[in-house]
Amino acid sequence: MEYKNLILEIKDGIAILKINRPKALNALNTETVLEIMEAAEFLENNNEVAVVVVTGEGDKAFVAGADILEMKPMNAIEGMEFSKKGHDALLKIENMKKPVIAAVNGFALGGGFEVALACDFIYASEKAKLGFPETTLGIIPGFGGTQRTAKIVGLAKAKELILTGKTITAQEAYEMGLVNKVVPHEELMKEVMAVAEKIKANGPVAVRLAKECVNKSLSLDMDTGLSFEAKSFGICFSTKDQKEGMTAFTEKRKPTYTGE
Ligand code: CAA
């Protein structure tokens, strides 16, 4: 697939999706948001892809937010529509039936932080800076930041981040549970690829169902969530992967999964 503002590379079952507007620190204009949505749909339906990695082109930024030049003249309706496009694109990432890892290689601000938070988890370069500068611009986070952040860090920490608009280091984000691992800048992609490979080696149906169950835990009450888990657990037993995984265990060998 060819994109104007994205670079997509697929190799050995792992897709690397790079946001590619380095002159604007990979800021998200509408065109880029729509391309992210298109790419997420393509990756969702591409059976060769087991794991997706999202990162930013260049050495400086993951994504420095939504495009301020494009937003500056917007009216209320245009602002709402832009926000909804962002929501749709990021929901495609959050609900993708395969894991999506954010490799945060630099600034992840505003909409950029929101892209990372829609991924399943974040690995960050020690150089990365994260935050929600929206209130410093007279707006609020509009690509899910007001909804996803508190679910990770709690209400008070989310409010401090969003109301101050302050930028935090990768280490601070790690300490708050926003980032799973902080790694030396040059090691970022190596570390991310290693964790992607580890997930890729597991049963694809199980990985998909596990992601769906954990995502559901945020919105379902305990009884409904456990019922959803039990049914998903049951589905695993209809797969060749479950037979293979347990047979491989008893035969003391590594399993070979087909995703069936
Ligand atoms: N939108 C548009 N252009 C941007 C941008 C953005 N979000 N962030 C950076 N750029 C552009 C700059 O305008 C600059 O372009 P020119 O060379 O043409 O002037 C270029 O990228 C390089 O940026 P800087 O010269 O500013 O680089 P720096 O190293 O001095 O600063 C920075 C880096 C601290 C990230 C700074 O660029 C910055 O503060 N960017 C804006 C961050 C921001 O406020 N993001 C939130 C946007 S609102 C949002 O995202 C809403 C939402 O929730 C959907």
Side-chain angles (χ1 to χ4, degrees), residues 3-7 17-40 54-94 102-119 122 124-153 157-173 178-179 185 188:
Y3 301 97
K4 196 166 158 205
N5 306 299
L6 304 176
I7 300 169
L17 184 67
K18 273 190 191 169
I19 312 218
N20 180 36
R21 294 185 73 216
K23 282 189 188 141
L25 301 186
N26 302 325
L28 302 174
N29 56 5
T30 302
E31 194 177 51
T32 309
V33 171
L34 294 177
E35 285 193 347
I36 290 174
M37 187 138 57
E38 232 179 273
V54 179
T55 192
E57 174 63 9
D59 225 23
K60 198 168 163 184
F62 175 73
V63 171
D67 191 313
I68 298 170
L69 302 186
E70 190 188 56
M71 285 186 292
K72 191 168 173 263
M74 283 181 185
N75 63 29
I77 300 297
E78 288 163 343
M80 189 175 71
E81 292 303 328
F82 185 51
S83 172
K84 283 188 171 166
K85 285 193 182 85
H87 292 161
D88 290 348
L90 300 195
L91 281 169
K92 289 251 181 258
I93 289 180
E94 188 170 68
V104 171
N105 54 316
F107 289 112
L109 300 175
F113 198 2
E114 290 167 305
V115 170
L117 290 174
C119 296
I122 303 173
S125 148
E126 63 195 353
K127 282 196 205 165
K129 296 261 168 35
L130 306 95
F132 291 113
E134 284 90 340
T135 52
T136 72
L137 295 164
I139 60 169
I140 66 168
F143 287 178
T146 66
Q147 303 304 301
R148 289 195 176 93
T149 314
K151 292 188 171 113
I152 302 166
V153 302
K157 289 219 161 80
K159 284 179 195 163
E160 186 182 346
L161 274 178
I162 293 169
L163 305 189
T164 61
K166 71 178 179 181
T167 296
I168 57 173
T169 62
Q171 183 60 29
E172 286 168 321
L178 290 159
V179 161
H185 190 68
L188 178 63

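Read the numbers this way: they start at 1 and go in the same order the structure lists the ligands and their atoms.
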**Student:** Do me a favour and list the nearest non-hydrogen protein atom to atom 28 (P) of ligand 1 with residue, atom name and distance?
**Tutor:**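 For this ligand atom, the closest protein heavy atom is Lys60 NZ, 3.7 Å.
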**Student:** Please tell me if the side chains of Leu6 and Thr32 come closer than 4.5 Å, counting only heavy atoms from C-beta onward.
**Tutor:**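 When only atoms from C-beta onward are counted, Thr32 and Leu6 do touch, with a gap below 4.5 Å.
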**Student:** If you count the atoms of ligand 1 from 1 in the order shown, which ones are under 4.0 Å from a heavy atom of Glu114?
**Tutor:**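 The atoms of ligand 1 under 4.0 Å from a heavy atom of Glu114 are 52 (C), 53 (O), 54 (C).
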**Student:** Heavy atoms of the protein only: does one fall short of 4.0 Å from atom 36 (C) of ligand 1?
**Tutor:**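 It does not; no protein heavy atom is within 4.0 Å.
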**Student:** Would you give the length of the straight line joining atom CG of Leu161 to atom CD1 of Ile168, rounded to the nearest 0.5 angstrom?
**Tutor:**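 CD1 of Ile168 is found 5.0 Å from CG of Leu161.
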**Student:** Can you find a pair of side-chain heavy atoms, one from Ile152 and one from Leu117, that are under 4.5 Å apart?
**Tutor:**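 Yes. Closest side-chain heavy atoms under 4.5 Å.
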**Student:** In the protein, which heavy atom is nearest to atom 8 (N) of ligand 1, and how far is it?
**Tutor:**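 Result: Ala64 CB, 3.6 Å.
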**Student:** Would you confirm whether any non-hydrogen atom of the protein falls under 4.0 Å from atom 31 (O) of ligand 1?
**Tutor:**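 There is no protein heavy atom less than 4.0 Å from atom 31 (O) of ligand 1.
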**Student:** Is atom 25 (O) of ligand 1 less than 4.0 angstrom from some protein heavy atom?
**Tutor:**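 Within 4.0 Å: no protein heavy atom nearby.
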**Student:** Report the member of Ala27, Ala24, Gly165, Ala66 with the shortest heavy-atom distance to atom 47 (C) of ligand 1.
**Tutor:**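 It is Ala66 whose heavy atom sits nearest to atom 47 (C) of ligand 1.
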**Student:** Output the distance between atom OG1 (Thr135) and atom CD1 (Ile162), rounded to the nearest 0.5 Å.
**Tutor:**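 Here the interatomic distance stands at 8.5 Å.
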**Student:** Under the 4.0 Å line, does any protein heavy atom show up next to atom 17 (O) of ligand 1?
**Tutor:**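 No, there is none.
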**Student:** When you look at Val115 and Val54, which way does the side-chain contact (heavy atoms from CB on, under 4.5 Å) test go after all the steps?
**Tutor:** CA-CA 9 Å; Val115 170; Val54 179; 4.2 Å; yes
**Student:** Counting heavy atoms only, which of Gly79, Pro133, Gly106 is nearest atom 46 (C) of ligand 1?
**Tutor:**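 Result: the heavy atom closest to atom 46 (C) of ligand 1 is in Pro133.
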**Student:** Under 4.0 Å from atom 12 (C) of ligand 1, is there at least one protein heavy atom?
**Tutor:**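 Not a single protein heavy atom is under 4.0 Å away.
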**Student:** Nearest 0.5 Å, what's the CG-OG1 distance between Leu178 and Thr149?
**Tutor:**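 The CG atom of Leu178 sits 7.0 Å away from the OG1 atom of Thr149.
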**Student:** Considering the heavy atoms of Leu137, write down every atom of ligand 1 situated less than 4.0 Å from one of them.
**Tutor:**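 Atoms satisfying the 4.0 Å criterion: 44 (O), 47 (C), 48 (S).
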**Student:** For residues Val153 and Glu160, determine if any side-chain heavy atom of one lies less than 4.5 Å from a side-chain heavy atom of the other.
**Tutor:**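 In short, these two side chains do not touch, never coming nearer than 4.5 Å.
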**Student:** Specify the protein heavy atom at minimum distance from atom 14 (C) of ligand 1: its residue, its atom name, and the distance to 0.1 Å.
**Tutor:**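 Result: Lys23 O, 4.3 Å.
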**Student:** Could you say whether the N/O atoms of Ile139 and ligand 1 ever approach to under 3.5 Å?
**Tutor:**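 Not met; the criterion fails.
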**Student:** Answer yes or no: is there a side-chain heavy-atom contact under 4.5 Å between Glu134 and Glu114?
**Tutor:**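 Yes, close enough: below the 4.5 Å cut-off.
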**Student:** Using 0.5 Å steps for rounding, measure from the CG atom of Asn105 to the CG atom of Leu188.
**Tutor:**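 Reported to 0.5 Å precision, the distance equals 6.5 Å.
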**Student:** Counting non-hydrogen protein atoms only, what is the nearest one to atom 23 (O) of ligand 1? Give residue, atom name and distance.
**Tutor:**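 Checking every protein heavy atom, the shortest distance to atom 23 (O) of ligand 1 gives Leu25 CD1, 3.6 Å.
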**Student:** Relative to atom 53 (O) of ligand 1, which among Lys85, Met71, Glu134 owns the nearest non-hydrogen atom?
**Tutor:**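 Checking each option, the heavy atom nearest atom 53 (O) of ligand 1 is found in Glu134.
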**Student:** Provide the number and element of each atom of ligand 1 under 4.0 Å from a heavy atom of Gly142.
**Tutor:**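 Atoms satisfying the 4.0 Å criterion: 52 (C), 53 (O), 54 (C).
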**Student:** Can an N or O of Gly111 be found at a distance shorter than 3.5 Å from an N or O of ligand 1?
**Tutor:**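 Yes; the residue has a nitrogen or oxygen that sits under 3.5 Å from a nitrogen or oxygen of the ligand.
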**Student:** Where's the contact between Leu28 and ligand 1, heavy-atom distance under 4.0 Å: side chain, backbone, both or neither?
**Tutor:**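 Under 4.0 Å from ligand 1, Leu28 contributes no heavy atoms.
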**Student:** Side chains of Asn5 and Asn29, heavy atoms from C-beta outward: is any pair under 4.5 Å?
**Tutor:**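 Asn5 reaches Asn29 side chain to side chain.
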**Student:** Roughly how far apart are Ile68 CD1 and Lys72 NZ, rounded to 0.5 Å?
**Tutor:**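 Spacing of CD1 (Ile68) from NZ (Lys72) equals 11.0 Å.
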**Student:** Can you check whether a protein heavy atom sits less than 4.0 angstrom from atom 50 (O) of ligand 1?
**Tutor:**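 At least one protein heavy atom is under 4.0 Å away.
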**Student:** Is any side-chain heavy atom of Phe82 closer than 4.5 Å to a side-chain heavy atom of Phe143?
**Tutor:**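 Side-chain contact under 4.5 Å: yes.
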**Student:** Provide, to 0.1 Å, the distance between atom 1 (N) of ligand 1 and the closest protein heavy atom, together with that atom's residue and name.
**Tutor:**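 Scanning the protein heavy atoms, the shortest distance from atom 1 (N) of ligand 1 goes to Ile68 N, 2.9 Å.
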**Student:** Is Pro141 close enough to touch ligand 1? Criterion: a residue heavy atom under 4.0 Å from a ligand atom.
**Tutor:**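 Yes.
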**Student:** Kindly list each side-chain donor-acceptor pair under 3.5 angstrom involving residues 85-92, sequence neighbours excluded, with atom names and distances?
**Tutor:**
unit_1: His87; atom_1: NE2; unit_2: Ser83; atom_2: OG; d: 3.4
unit_1: His87; atom_1: NE2; unit_2: Gly142; atom_2: O; d: 3.0
unit_1: Lys92; atom_1: NZ; unit_2: Glu41; atom_2: OE2; d: 3.3

**Student:** Closer than 4.0 Å and a protein heavy atom, does any atom meet both conditions relative to atom 20 (C) of ligand 1?
**Tutor:**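 Yes; the ligand atom in question has protein heavy-atom contact below 4.0 Å.
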**Student:** Quick check: do Thr167 and Pro133 have side-chain heavy atoms less than 4.5 Å from each other?
**Tutor:**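 No; the side chains remain at least 4.5 Å from each other.
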**Student:** Got the closest protein heavy atom to atom 39 (O) of ligand 1, with its distance?
**Tutor:**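 Heavy-atom neighbour on the protein nearest atom 39 (O) of ligand 1: Leu109 CD1, 4.7 Å.
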